[in-house]
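Just below is one structure, and these are the notes that go with it.
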Number of protein chains: 2
Amino acid sequence: MSQRRMKPVRAPQRKPGSRVHSELAAGIGRRILDGTYPPGSLLPNEAEWGQIFGASRTAVREAIKTLNGKGLLVSRPKIGSRVEPRERWNLLDRDVMAWHRAALDERTFLLSLQEIRRILEPGAAVLAAERASPEQLAVLEEALADMQSAAVESEAMVAADVRFHLALLAAANNEFLVPFGIVIEQALASMFAYTTSHAVHPEQLLPLHAEVVKAVAARSPEAARRAVTALLDDTDETLRATAE
Amino acid sequence: MSQRRMKPVRAPQRKPGSRVHSELAAGIGRRILDGTYPPGSLLPNEAEWGQIFGASRTAVREAIKTLNGKGLLVSRPKIGSRVEPRERWNLLDRDVMAWHRAALDERTFLLSLQEIRRILEPGAAVLAAERASPEQLAVLEEALADMQSAAVESEAMVAADVRFHLALLAAANNEFLVPFGIVIEQALASMFAYTTSHAVHPEQLLPLHAEVVKAVAARSPEAARRAVTALLDDTDETLRATAE
DNA sequence: CCGATAGTTTTGTATGATAAATGCCGCGAA
DNA sequence: TTCGCGGCATTTATCATACAAAACTATCGG
């Protein structure tokens, strides 16, 4: 379709989460994840947070409610807000994951994520081979095509790679697998930073991905498992190459 | 240590989440999970919720912020609160899981959870066998002992069973496995309801659990994997027996 | 020594007012 | 007619303030 004139520059386009209470949530969340307030400890009370961030108690409370929703905190009258034990934290939450990543050594973080991928993705591939719908298979193939047409080591490549693996998870048709998508997103983003900064990159990326699609399309669970395992082996190999 | 006299009965002991804003969050959350407000749809505005539940706008807003934190909603001025696509939902969140369970056919729900267990637990067992600390092993053994001393088909048995599997997850020493614990809790709770109501129960429960502990203690990853797989096979066998 | 009770601190809820974001409509010009 | 621009209306976002409820602490009386 013909592209008309550029629309006049819209308002500063502040991103969706940059309201006061969101920044408060991020500010407090980061301090929890980085250990400033360890599990079991008490946070400053609402009035104090308000002073620290120059915000009203209302905004502070809404931020804290958000963190409640992520399992980081519980609040009680007269006590205050106490940091929950780590096993209650929703580590797979998008925000929590981001705060966590910022507070951790990048390589350690990445290795942990890869370990999870090695456990989950082969199993997901088996299910996908057994029950992917034609539409889900099409999405997978499309992501593969995008990878093949993207420049190596580009943002577009990473984006297509992420789409590929999310599509594989979705094709397994078990909704409880979906939340783990964030692990893949973070791992690939982190991996991208790593490979570019260390000037190494997985050589076999495209053929290995193609192999996965082939196995799923052929409805061969075991072949799909092997293909995904090979893919992860290659990635880990690359990672290992950056160990100094 | 010597147990002193029972403390006088404390105040009604309303449970932590029964404040107005929590009930609002649950009320709205359930309506989202059960499909009353499907992904992409707009919720009533804050004032309307306030009337529906007879609460102030403040309480409504805090409830909505909690749901924001769980990835169910995003709110924008002039638009309102829109239900996020399912892949953004934190399905592994405790509350979301509970609302979800209430909105779904119990058997379907349970089968999905078991499927996840079959993917994750064997992998977790391998890691546990490789790197469980003495303390973590002790917790595992203690849970097993509790199971052995509990009456069959009792609440205590389920509780000890949950502790056992959570301990196994923890022993894998990868914190991203921990959020998955909720799947185990729900699966076992759901399973308990099932086995009692259908008058069937896994016969091999205790020896199979003991086998897992043995393998982990012996630091035999492959044996641990096999033991956990056998355990899950037995559970699934029981479940299959209830298919009418 | 125990137990009830009053006091104090902190979160929980309500109310009302104002700011900011943004979809929508209508007016006017090319 | 069509397009752009400005104002209007609606809804969330934020603030300020007041009071209620919860729960720990200390105190006082038996």
Side-chain angles (χ1 to χ4, degrees), chain A residues 1-28 37 41-69 72-84, chain B residues 2 4-28 37 41-69 72-84:
Chain A
M1 59 204 77
S2 84
Q3 187 92 4
R4 298 200 52 88
R5 187 158 359 133
M6 208 63 143
K7 277 204 157 177
V9 188
R10 283 179 127 350
Q13 205 45 310
R14 130 191 280 180
K15 56 179 154 187
S18 72
R19 304 282 152 62
V20 175
H21 71 257
S22 303
E23 297 194 351
L24 273 159
I28 300 175
Y37 301 104
S41 65
L42 275 171
L43 265 56
N45 67 33
E46 296 170 348
E48 292 179 74
W49 281 121
Q51 292 187 330
I52 293 174
F53 285 91
S56 72
R57 216 190 122 202
T58 307
V60 172
R61 281 185 61 77
E62 293 187 354
I64 287 180
K65 289 290 160 291
T66 301
L67 299 178
N68 281 344
L72 298 181
L73 293 177
V74 287
S75 308
R76 309 190 61 176
K78 164 67 186 178
I79 310 293
S81 288
R82 192 177 294 279
V83 179
E84 285 273 83
Chain B
S2 85
R4 299 195 55 86
R5 184 156 3 129
M6 209 62 143
K7 277 203 158 177
V9 187
R10 286 181 124 350
Q13 208 39 313
R14 131 189 278 178
K15 55 179 153 185
S18 71
R19 304 283 152 61
V20 175
H21 70 257
S22 304
E23 298 194 352
L24 273 159
I28 301 174
Y37 301 104
S41 64
L42 274 171
L43 264 56
N45 68 32
E46 296 171 348
E48 292 179 74
W49 281 122
Q51 292 188 331
I52 293 173
F53 285 91
S56 72
R57 221 191 117 203
T58 307
V60 173
R61 281 185 60 77
E62 293 188 353
I64 288 180
K65 288 290 162 291
T66 302
L67 299 179
N68 281 344
L72 298 181
L73 293 178
V74 288
S75 308
R76 309 190 61 174
K78 164 68 185 178
I79 311 293
S81 288
R82 190 178 294 279
V83 180
E84 286 272 82

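Chain letters run A, B, ... following the sequence lines, proteins first, then strands; residues in each count from 1. The figures that follow rest on heavy atoms only: side chains count, while hydrogens, waters and symmetry mates do not.
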Rounded off to whole Å, could you give me the [atom1]-to-[atom2] distance for the [X] and [N] pair?
X	N	atom1	atom2	answer
B:Leu43	D:dT12	CG	C1'	13 Å
B:Phe53	C:dA14	CZ	C1'	18 Å
A:Glu46	D:dA16	CD	C1'	15 Å
B:Leu67	D:dT12	CG	P	14 Å
B:Asn45	D:dA9	CG	P	17 Å
B:Trp49	C:dA14	CH2	P	16 Å
A:Arg82	D:dA22	CZ	C1'	15 Å
B:Lys78	D:dA9	NZ	C1'	6 Å

Short side-chain N/O contact to D:dA13 OP1/OP2 from A:His21, under 4.0 Å: no
N or O in side chain of B:Arg19 less than 4.0 angstrom from C:dT11 OP1/OP2: no
Side-chain-base donor-acceptor pair under 3.5 Å for B:Arg57 and D:dA13: yes
Measuring from [X]:[atom1] to [Y]:[atom2], what's the distance to the nearest 0.5 Å?
X	Y	atom1	atom2	value
A:Asn68	B:Lys65	CG	NZ	13.0 Å
B:Glu62	B:Arg19	CD	CZ	11.5 Å
A:Ser75	A:Asn45	OG	CG	11.0 Å

For the student: nearest non-hydrogen atoms of [X] and [Y], plus distance:
X	Y	result
B:Ala25	B:Ala63	N-CB, 3.5 Å
A:Phe53	A:Gly27	CZ-CA, 4.1 Å
A:Val20	A:Ala55	CG1-CB, 3.9 Å

Within residues 58-65 of chain B, residues whose heavy atoms come under 4.0 Å of DNA chain D: B:Arg61, B:Lys65
Pairwise 5' ranking along DNA chain D for A:Ile79 and A:Ser56, keeping only the more 5' one: A:Ser56
Nucleotide nearest B:Arg76 (side chain, heavy atoms from C-beta), chosen from C:dT22, D:dA16, C:dT13: C:dT22
Of the listed nucleotides D:dT12, D:dA16, D:dA23, the one nearest the side chain of B:Pro77: D:dT12
A:Leu72: which of A:Leu67, A:Ile28, A:Val83 passes side chain to side chain contact (heavy atoms under 4.5 Å, CB included):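 Only one of A:Leu67, A:Ile28, A:Val83 forms a side chain to side chain contact (heavy atoms under 4.5 Å, CB included) with A:Leu72, namely A:Leu67.
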Min side-chain heavy-atom separation B:Ile64-B:Leu73 under 4.5 Å: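 B:Ile64 reaches B:Leu73 side chain to side chain.
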Within residues 49-58 of chain A or reaching into it, pairs that qualify as salt bridge (Lys or Arg N to Asp or Glu O under 4.0 Å) - sequence neighbours excluded: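 Residue pairs passing salt bridge (Lys or Arg N to Asp or Glu O under 4.0 Å), neighbours aside: A:Glu46-A:Arg57.
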Bending between helix ends of the helix from C:dC1-D:dG30 to C:dA30-D:dT1 [5 pairs per end, 10° resolution]: 10°
